[in-house]
Amino acid sequence: MIQYTLKCDEGHHTDSWFQSAAAYDALERAGHLSCAVCGSDQVRKALMAPRVSLPAEKPAAPQTTPVLRNPDTEVEQAIAALRRKVEENSDYVGEKFADEARAMHLGDKPERSIYGEARLDQAKELIEDGVPLMPLPFRPKQKLT
């Protein structure tokens, strides 16, 4: 596992873990990275200081690195509040979002609040078919790691 600090074109910083440097590179090439605060897909690795291990006889103090810094602006606070509300009141369905939303719209499944991911073509089809949906200004936490 490797941890990178990511920075978007709006200046937001996020720490995230990846299976390897190659895994990060693959996700970046595929366009699967976005800012957790504003949703921008212009995300790159930020300049980072290397971590140096201490000698075995001196145990290192536990380090806690927040995944997302405290929101500073009103917009960041509003996005953070929206994220909390969505996560508390909706079911995360991941990449099955399009199938779940369509099944609820057709009455094949009971209606409930859901969130997840959909490709652009899937979202367009849902909208064209009258399925109510709304893009969120953040990626689900499950997708961040």
Side-chain angles (χ1 to χ4, degrees), residues 1-54 60-145:
M1 295 291 286
I2 188 167
Q3 181 183 15
Y4 288 128
T5 298
L6 305 178
K7 181 180 178 183
C8 78
D9 58 339
E10 297 293 324
H12 303 117
H13 288 80
T14 310
D15 288 343
S16 191
W17 288 91
F18 298 88
Q19 187 174 10
S20 65
Y24 168 84
D25 293 338
L27 289 170
E28 182 182 39
R29 277 192 307 274
H32 290 285
L33 299 175
S34 69
C35 177
V37 176
C38 66
S40 170
D41 61 356
Q42 300 299 310
V43 177
R44 300 288 176 254
K45 288 186 274 189
L47 197 56
M48 297 172 24
R51 289 191 181 178
V52 179
S53 298
L54 298 174
Q63 295 183 1
T64 58
T65 305
V67 172
L68 178 63
R69 65 178 174 75
N70 291 331
D72 295 327
T73 67
E74 287 183 35
V75 171
E76 291 173 347
Q77 291 171 0
I79 291 171
L82 176 63
R83 175 189 290 277
R84 279 191 302 276
K85 187 166 185 155
V86 167
E87 290 173 349
E88 289 170 1
N89 298 298
S90 304
D91 295 326
Y92 176 73
V93 295
E95 294 178 2
K96 297 179 182 177
F97 178 82
D99 294 334
E100 291 287 318
R102 185 174 307 285
M104 287 188 294
H105 181 70
L106 296 174
D108 296 336
K109 288 193 173 186
E111 288 192 20
R112 68 189 200 283
S113 293
I114 61 171
Y115 70 109
E117 294 91 43
R119 295 186 321 266
L120 184 57
D121 62 315
Q122 292 173 320
K124 284 181 179 179
E125 284 180 23
L126 290 171
I127 291 168
E128 288 169 359
D129 293 343
V131 178
L133 62 92
M134 179 180 92
L136 297 173
F138 56 84
R139 289 247 174 143
K141 288 181 183 176
Q142 291 87 338
K143 199 67 170 178
L144 294 178
T145 55

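Starting from 1, each residue takes its place in the sequence as its number. Values reported hereafter were calculated over all heavy atoms of this structure, with side chains retained and with hydrogens, waters and symmetry mates removed.
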Heavy-atom pair of closest approach, residues [X] and [Y]:
{"X": "Ile79", "Y": "Cys38", "answer": "CD1-CA, 4.3 Å"}
{"X": "Ile114", "Y": "Ala101", "answer": "CD1-N, 3.8 Å"}
{"X": "Gln122", "Y": "Arg119", "answer": "OE1-N, 2.8 Å"}
{"X": "Leu6", "Y": "Tyr24", "answer": "CD2-CE1, 3.7 Å"}

Next item on the list: Run the salt-bridge test on Arg83 and Glu87 with the 4.0 Å N-O cut-off and return the result as yes or no.
Entry: yes
Item to check | Electrostatic pair Glu28-Lys45, nearest N-O below 4.0 angstrom | outcome: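 Judged by the 4.0 Å cut-off on N to carboxylate O distance, Glu28 and Lys45 do not form a salt bridge.
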For the residue pair [X] and [Y], establish whether any side-chain heavy-atom pair is separated by less than 4.5 Å.
{"X": "Glu117", "Y": "Tyr92", "answer": "yes"}
{"X": "Pro137", "Y": "Leu82", "answer": "yes"}
{"X": "Leu133", "Y": "His105", "answer": "no"}

Q: To the nearest 0.5 angstrom, please state how far the CG atom of Asp129 sits from the CG atom of Leu106.
A: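 These two atoms lie 8.0 Å from each other.
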Which value, rounded to the nearest 0.5 Å, describes the distance between Ser113 atom OG and Met104 atom CE?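 Taking OG in Ser113 and CE in Met104, the distance rounds to 8.0 Å.
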Pair Glu100-Tyr115, side-chain donor/acceptor within less than 3.5 Å = no
Notebook entry, point to check: Checking side chain to side chain contact (heavy atoms under 4.5 Å, CB included) against Lys7, which of Gln42, His13, Arg44, His12 comes through?
Noted result: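 Going through Gln42, His13, Arg44, His12 one by one, the side chain to side chain contact (heavy atoms under 4.5 Å, CB included) with Lys7 is satisfied by His13 alone.
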Go through the steps for Arg112 and Val93 under the test side chain to side chain contact (heavy atoms under 4.5 Å, CB included), then give the verdict. CA-CA 11 Å; Arg112 68 189 200 283; Val93 295; 3.5 Å; yes
